[in-house]
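To start, the structure under review is shown below, and the notes come after it.
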Amino acid sequence: MIRVRFAPSPTGYLHIGAARSALFNWLFARKVGGKFLLRIEDTDLQRSTDESTRSIIEGLEWLGLDYDEDIVFQSANAPQHRAAANRLVAEGKAYRDFTPKEKRDDASIKQGIADRARAQSTEGSDHRSNPYRDLPREESDRRAAAGEPFAVRLKVAHEGKTSFEDIVYGAQERNYSEIEDLALLRSDGHPLYNLSVVIDDIEMGITHVIRGQDHITNTHKQILLYDALGTPVPKFAHLPLILAPNKGKLSKRKHGEVVSLTTYRERGFVPAAFRNFLALLGWSPPDTKEIMKLEELTQEFSLEGIGRANAIFNFQENDPRHWTDDKALWMNAEYIRTISRDQLLPMVKAELRANKLWREEYEDEDREWFAKTVDLIRQRFHTLKDFSSQGRAYFSDDFDFEDAAVNKNLKKGPRLKELLPALADRLEEMDPFTAETSEAALRQYAEEQGVKAGLLINGSRTMLTGQAVGPSMFEVFAILGKDRSVTRLRSGVPWF
RNA sequence: GGCGCAUUGGUGUAGUUGGUUAACACGCUGCCCUCUCAAGGCAGAGAUCACGGGUUCGAGUCCCGUAUGCGCUACCA
């Protein structure tokens with residue numbers, strides 16, 4: 001039985017890179033009939049928050065990625081992690097390190113690492129030079145018993161190398177000389193990442209570890225741990241990273257909300273669309289078809305189809321039109337205009353409701369009208385937000401007139417101030433009032449008045465919707481109905 | 001500093017065991033359609049396949065080197 005897991009640390013919003021890892025894990029599990037598990041890596045108590053855990057769970061739910069079995073909270077397994085470390089010490093595979101803990105400040109950590117490495121190479125010391133590495137057991141036990149604080153480190157052999165066959169990146173090797181005696185337990189007894197991950201993965205029966213490429217180095221350390229523990233090593237598939245447009249790391253601090261999955265929900269993305277877009281970042285289907293529903297994605301997905309080069313998430317921070325990747329935006333629009341009514345209507349309902357535009361009749365006697373209206377306007381919308389902003393005039397009489405539209409379609413034709421109310425009089429007599437009859441009436445009236453039909457059409461569009469763009473005007477007349485059409489044509493509102 | 005990975009048009013990606021004019025999607029330009037804007041249709045611009053060597057009759061595809069980028073290198077995860 002194949003078992004995979006998504007193991008985020010709850011230290012903030014759900015990053016789109018993490019969301020993609022979750023997606024790939026899920027697709028793989030569903031494709032092969034395995035289990036997809038969720039583990040919250042909350043061992044860093046200071047940084048972990050419940051709110052973040054909630055956002056991760058909600059994010060997965062939004063993307064439609066359901067997980068099997070109960071969520072595992074890593075912090076709950078700390079006793080097992082400690083026990084494993086102690087067992088390794090007892091077996092002589094790990095040792096207590098009584099070196100006093102160094103003070104580190106996070107800001108300069110990377111620099112510190114490089115500096116230390118430089119210093120180490122010049123003074124000739126290596127990863128095996130820890131003075132406590134070969135401390136006699138009796139002395140180690142005595143000092144521990146006396147209450148002296150210590151960290152626990154894995155005893156990595158002097159000679160040898162780790163190797164594994166990465167499903168994405170191929171054969172990987174690392175000399176032991178490149179690997180330090182990694183810390184397993186902090187001097188306060190707190191288990192560290194690499195230990196916890198391995199113990200939990202073993203405990204959960206994980207067979208395939210699918211995670212970001214930034215973990216490749218960790219994988220070598222973890223293999224050492226599997227070996228020390230005498231446990232079979234799972235298969236690994238590392239994923240290329242998602243980078244910012246400058247090829248740098250995508251981070252909240254630098255790039256803001258565009259990296260947070262929550263943003264896409266808040267800004268009107270259809271979950272299926274974003275999921276589809278995410279799937280195409282680093283993975284490509286066997287054929288050229290890119291728009292795929294979940295079932296298709298699942299069917300086509302394979303670890304072998306994952307590329308090795310990091311992908312750039314292409315967006316322009318200062319341009320509202322391109323606030324996120326163009327292709328994601330395009331895909332969202334594509335979904336909005338093509339998904340079934342049954343799928344779309346609930347999303348539109350939520351959007352309208354959030355903006356106090358929803359009326360219960362839309363699910364009752366005005367049900368058909370609502371569906372037809374949505375079908376009419378969805379064609380040119382890019383996000384669900386558009387239903388409450390650009391689409392506002394269809395659901396409320398309280399809508400704004402865009403200055404540009406008023407200038408272009410109304411004020412440039414001074415006669416419209418009289419023509420439009422007069423047109424309203426004509427329309428009022430139509431029965432039935434349909435796209436066809438209103439068109440006939442408008443065109444005839446334009447001819448009588450010696451003006452172009454377009455003048456009346458565009459003027460009407462702005463009077464009825466406040467905008468310069470929108471669906472075919474006669475469809476709008478029909479959808480809005482005679483009363484509202486006539487009333488809006490007569491209202492002098494935008495003229496003042 | 002060390003180790004590792006990557007490098008195909010602006011972006012996401014295809015390019016099978018090396019073989020004619022490097023393919024698809026988004027974006028971009030123009031035209032058509034038309035009451036506007038989209039959508040749609042048609043046409044088009046844009047890649048010396050990072051660079052330099054080499055192997056070969058022939059290389060985006062194999063080898064070596066260089067550059068650039070990214071990742072890791074922590075008693076963070």
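The chains referred to below are lettered A, B, ... by the order of the sequence lines, with proteins before strands, and numbering in each begins at 1.
- Applying the side-chain hydrogen bond (donor to acceptor under 3.5 Å, both in side chains) rule to pairs touching residues 188-197 of chain A yields A/His81-A/Ser196, A/Arg186-A/Asp188, A/Tyr193-A/His215, A/Asn194-A/Gln222, sequence neighbours excluded.
- Residue A/Lys249 is classed as a sugar-phosphate contact, given heavy-atom separations below 4.0 Å to backbone atoms only.
- Contacts of A/Thr99 with the nucleic acid, taken as non-hydrogen atoms under 4.0 Å apart, include base atoms.
- Residue A/Leu192 places its side chain closer to B/C76 than to any other of B/C35, B/U73, B/C76.
- The aromatic rings of A/Phe24 and A/Phe301 sit tilted, their planes meeting at an angle between 30° and 60°.
- We find that A/Glu439 and A/Arg443 are joined by a salt bridge, their nearest charged nitrogen and carboxylate oxygen being less than 4.0 Å apart.
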Check nucleotides 42-48 of chain B for protein N or O atoms closer than 3.5 Å to its own N or O atoms and list the pairs.
none

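- Each side-chain hydrogen bond (donor to acceptor under 3.5 Å, both in side chains) pair with one or both residues in residues 274-286 of chain A, not counting sequence neighbours, appears once here: A/Asn276-A/Tyr335.
- Salt bridge annotation for A/Asp386-A/Arg378: absent, with no cationic side-chain nitrogen under 4.0 angstrom from a carboxylate oxygen.
- Using a 4.0 Å cut-off between a side-chain N of Lys or Arg and a carboxylate O of Asp or Glu, A/Arg128 and A/Asp181 qualify as a salt bridge.
- Secondary-structure stems of RNA chain B, taken as three or more successive Watson-Crick or G-U wobble pairs (i with j, i+1 with j-1) under a 3.5 Å distance threshold, comprise B:1-7 with B:67-73, B:10-13 with B:23-26, B:28-32 with B:40-44, B:50-54 with B:62-66.
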Side-chain polar contacts of residues 237-245 of chain A - donor-acceptor pairs under 3.5 angstrom, sequence neighbours left out - could you list them?
from, atom 1, to, atom 2, distance (Å)
A/His238, ND1, A/Asp166, OD2, 2.5
A/His238, NE2, A/Thr219, OG1, 2.8

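- Using a 4.5 Å heavy-atom cutoff, the side chains of A/Leu420 and A/Arg488 are not in contact.
- Going from the C1' atom of B/C49 to that of B/U13 covers 14 Å, rounded to whole Å.
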### Message
Apply side chain to side chain contact (heavy atoms under 4.5 Å, CB included) to residues A/Val258 and A/Glu317 and explain how you reach the verdict.
### Response
CA-CA 8 Å; A/Val258 71; A/Glu317 280 164 287; 5.7 Å; no
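- If you take NZ on A/Lys221 and CG on A/Leu195, they are separated by 12.5 Å, rounding to the nearest 0.5 Å.
- Of the charged side-chain nitrogens involved, none lies within less than 4.0 Å of a carboxylate oxygen, so that A/Arg96 and A/Glu148 do not count as a salt-bridged pair.
- Rounded to whole Å, the separation between the C1' atoms of B/C57 and B/A14 comes to 28 Å.
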5' to 3', nucleotides 3-15 of chain B under a 4.0 Å protein heavy-atom cut-off (B base, S sugar-phosphate only, - none) gives SSSSS---SBSS-
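- Considering only side-chain N and O atoms, A/Arg153 lies under 4.0 angstrom from the phosphate OP1 or OP2 of B/C75.
- Nucleotides B/A43 and B/C26, compared at atom P, are 15 Å apart to the nearest Å.
- Here the separation of B/C63 from B/G19, taken at their P atoms, is 15 Å to the nearest Å.
- Taking only distance into account, the side chain of A/Arg461 meets the base of B/C35 through a donor-acceptor pair shorter than 3.5 Å.
- Rounded to the nearest Å, the gap between the P atom of B/U61 and that of B/U21 is 16 Å.
- Counting distance only, with no hydrogens placed and no angle test, the side-chain atoms of A/Thr288 and the base atoms of B/C24 include no donor-acceptor pair under 3.5 Å.
- Within the nucleic acid shown, A/Ser196 has no heavy atom closer than 4.0 Å to any nucleic acid atom.
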